[in-house]
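Here is the naming used below: chain letters follow the sequence lines, and residue numbers restart at 1 for every chain.
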Amino acid sequence: MAKLTLNRVTPNEQTPPSSTTGENLLAQLNDVQREAASVIQGPLLILAGAGSGKTRVLTFRIAYMIEQGIAPWNILALTFTNKAAGEMKERIAHLVGEDKAQRIWAGTFHSLFARVLRREAEVLGYTSSFSIYDGDDSLSLLRATMNTLGISQQNFSPQAVRGAVSGAKNKFIGWQEYANTAGNVFEKQVGLIYKDYEKRLRLNNAMDFDDLLLNMIRLLQSSPQMLEKYQQQFRYILIDEYQDTNKAQYLAVSLLAQKERNICVVGDDAQSIYRWRGADIRNILDFERDYHDTKVVRLEQNYRSTKTILEAANNVINNNQNQLKKALWTDNADGETIQLLRCRDDREEAEQIVRNIQTDRRTSARDLQDFAVLYRTNAQSQAIEDALRRENIPYLIVGGVSFYKRKEVKDTLAYLRVVMNPNDGESLLRIINEPSRGLGKTSLDHLIHFAESQSAPLFQAFAQAEGVIGLQRRAVTSALDFVALITRFREQKDVLRPDELAKSLVDASGLLRAYEEDGTDESLDRWNNIQRVLSHLAEYCERNPEALLEQYLQEISLLSDVDEVKAGGKHVTLMTLHSAKGLEYPVVFIAGLERGLFPFAKAEQMQEEMEEERRLFYVGITRARQKLYLSHAEKRYRFGELTYPMPSPFLQEIKPELMNNPSNTTQNRLGSAGSLTMSSKSTPSTTGINVIRSMDDLKSRGFQPPAAKKTPERSQTRTPFDDAPRDESFSQVPSKSASELPRLRVGMRVKHEMFGVGQIVGTSGTGTSAQVEVSFPQVGKKKLMLKFANLMVMD
DNA sequence: TTTCTCCACTTTTTT
DNA sequence: AGTGGAGAAA
């Protein structure tokens with residue numbers, strides 16, 4: 001490992017070493033930035049508003065540290081995406097040279113911890129070739145677990161289980177503790193699943209994303225020597241986007257930093273948008289308490305956006321109660337007014353966006369790469385893609401169905417994983433019938449059962465297929481053939497180059513041939529995609545001649561959506577608001593500003609979630625440098641059904657004079673129709689969400705409940721309010737269409753107007769004819785038609 | 001045992 | 001609307 005030769009800078013040092021480069025570096029920053037970059041000893045909290053030059057400060061800070069004699073390999077720089085880390089390294093390379101920059105430990109929590117864990121895997125009972133499971137992998141493992149435990153996936157959605165398990169893990173709650181504190185039926189079941197899931201991960205020699213954090217903590221706690229070792233290694237710690245770290249990340253970093261205490265965190269509470277995935281905003285709010293001698297620096301000058309855009313952003317975020325007070329300002333010009341696009345439907349929205357891009361391209365010096373279209377959900381990209389394609393405009397979608405999530409690509413990688421880590425039962429099951437090996441469900445069940453009875457990995461059951469009772473002769477042969485295939489490649493894994501190995505593996509396994517023989521267009525596509533993986537791997541091997549296959553596989557599984565974006569391409573960029581974090585574009589479109597979509601429907605019930613949605617909007621607005629477009633549609637297909645959403649309440653939070661043509665757009669419409677739910681005059685509300693208390697309340701304000709059946713013709717005359725607005729106390733209005741009905745599952749607690757609170761004991765039917773059976777303490781069991789029952793979910 | 005067909009769920013956001 | 005899984009038929 002790296003040796004520790006460096007001139008340490010002591011905290012009390014009065015005169016900085018006369019490094020002219022160091023001075024030059026700092027001269028390029030403003031006063032506050034300079035302070036943030038030059039205080040390198042002790043705890044430092046940088047509160048960096050959007051566009052305040054945060055990345056610049058971080059790069060200069062690290063470069064300065066290196067100039068001061070700190071060894072690059074003693075610096076741990078944790079960023080939110082690998083792309084951000086890569087860019088940072090690149091910029092540092094310009095300042096201090098390529099070789100030094102490359103030796104900094106810069107990357108995401110997940111990828112850097114994975115690197116450490118590979119090295120120390122044995123300490124925790126893994127082998128160094130452990131597999132890393134992504135969300136899909138853990139979902140199928142959870143499904144398998146639920147099947148063996150006999151827990152119905154009908155009643156408990158595997159997604160919800162995954163959410164609960166992951167949530168617990170992010171809070172560093174183990175299955176024992178979880179099971180002990182489980183309250184309702186759902187949590188009790190999750191407790192059981194959680195335990196078994198962990199056992200299986202171990203058996204598979206695999207870690208899920210959360211494990212990468214948890215196991216890092218466990219590693220540091222495993223012995224004082226181990227802790228000491230990494231405290232020595234990572235003496236200077238920097239964390240970007242600190243507002244979006246979770247408890248596990250917090251704990252890991254606390255352990256690392258507690259000795260040297262050289263920890264610098266950068267964040268902005270107004271941009272915290274990952275609460276739903278366990279991010280704990282208290283990490284940033286409590287930093288000063290955790291490190292009592294913290295120095296706090298505030299970067300409040302925005303260099304990115306026009307006054308107009310920044311003011312709109314401030315307008316919006318000021319509606320949040322829960323925030324640190326900040327005064328973000330800019331010296332930039334006023335800039336253009338914000339353009340509000342009001343559209344008939346999602347198709348027209350897309351067309352208007354494209355038309356504006358075209359016009360803007362003609363009338364300004366901007367080109368395609370200057371435009372970004374942001375939306376709340378990935379599904380919204382479809383319409384915009386179509387419109388761009390019609391106009392032959394190149395575009396790039398960040399995220400969505402990523403290349404690496406495609407079936408054939410995952411299969412190819414699964415083959416490689418099994419060779420590296422035969423205990424990886426998930427990957428094994430994935431490929432066992434790809435192509436078909438005549439091992440059907442029955443045979444597999446026998447093998448799985450055998451493995452489970454021996455508490456052995458599935459691969460061992462395959463190897464001992466002859467001893468598995470009930471297994472047919474043919475199945476035994478297939479199983480042994482498969483074992484032979486994998487074993488053959490395992491023997492070659494240290495001889496062949498990874499790309500050569502992969503190439504001959506997809507060949508020998510018959511994976512490629514199956515697609516070739518099928519010959520359909522789709523199969524051809526898949527065949528091509530496998531070739532793409534192979535050439536990608538070959539390129540990788542060329543770039544890193546020493547690289548191991550494990551490294552490649554790890555890099556792929558920890559790749560984030562944003563990481564794939566290449567800079568400099570001539571194309572419009574499309575992505576979710578979440579993916580846009582940390583990026584900036586001269587012109588930004590935010591599409592789908594409608595109630596129920598943005599803010600997302602579920603959020604309106606809870607102030608905390610509403611505030612998170614608002615922060616997301618804030619993030620979106622502040623991505624724009626010169627020009628901002630906001631759009632909403634009056635009709636939108638959601639979930640296969642036509643909906644008539646109202647404009648987002650967020651639009652009203654921006655001062656009218658900042659937007660174009662306020663007289664005939666939202667202001668006007670919201671002013672008349674909107675008094676019902678949106679005007680803050682009629683129902684003052686601190687959150688900007690107004691509250692409707694009952695159906696009577698609605699009617700007294702001119703609301704007509706929609707008829708049971710919608711006819712398309714009615715769309716001519718209907719107002720946005722024909723579509724039932726949400727009631728605070730009852731999440732639905734009588735007789736709703738399928739997509740508006742709440743999703744209910746056994747075990748949930750619901751409230752009925754007459755019967756009170758009860759627990760769901762059964763469900764039947766789907767869509768508008770769905771029924772639930774609810775057990776009420778007073779009145780007993782009742783079967784209710786969901787669309788009339790007016791149930792409110794209590795959890 | 002495989003394959004086809006139908007049904008259910010998905011869609012919030014992601015390392 | 002599309003996909004993936006479960007169940008039934010060949």
Choosing from dT10(B), dT1(B), dT15(B), which nucleotide comes nearest the side chain of Thr442(A)? dT1(B)

Among dT2(B), dT14(B), dT15(B), the one nearest any side-chain atom of Phe209(A) is dT15(B)

What integer distance in Å separates Asp445(A):CG from dA6(C):P? 11 Å

Quick one: pull up CD1 in Ile239(A) and OH in Tyr250(A) and give me the separation to the nearest 0.5 Å. 10.5 Å

Look at the side-chain N and O atoms of Ser436(A) and state whether any lies under 4.0 Å from the OP1 or OP2 oxygen of dT2(B). yes

With sequence neighbours excluded, what pairs up with Leu139(A) under the side chain to side chain contact (heavy atoms under 4.5 Å, CB included) test? Arg143(A), Pro158(A), Gln159(A), Arg162(A)

When we call it a touch if two heavy atoms are under 4.0 Å apart, what does Gly438(A) touch: a base, just sugar-phosphate, or nothing? sugar-phosphate

Which residues pass the side chain to side chain contact (heavy atoms under 4.5 Å, CB included) test with Asn322(A), sequence neighbours left out? Glu611(A)

Touch class at under 4.0 angstrom, heavy-atom based, for Ser111(A) against every strand present: nothing

Picking from dT15(B), dT14(B), dT10(B), which would you name as closest to the side chain of Asn378(A)? dT14(B)

Round to the nearest Å and state the distance from Tyr637(A) atom OH to dG2(C) atom P. 13 Å

From dT11(B), dT14(B), dT1(B), nucleotide with atom closest to Ser443(A) side chain: dT1(B)

ring-ring contact (aromatic ring centres under 6.0 Å, His included) between His578(A) and Tyr274(A), intermediate numbers included: CA-CA 8 Å; His578(A) 282 88; Tyr274(A) 283 98; 5.2 Å; yes

Between dT2(B), dT11(B), dT13(B), which nucleotide gets closest to the side-chain atoms of His578(A)? dT13(B)

Any idea which of dT15(B), dT13(B), dT11(B) is nearest the Ala379(A) side chain? dT11(B)

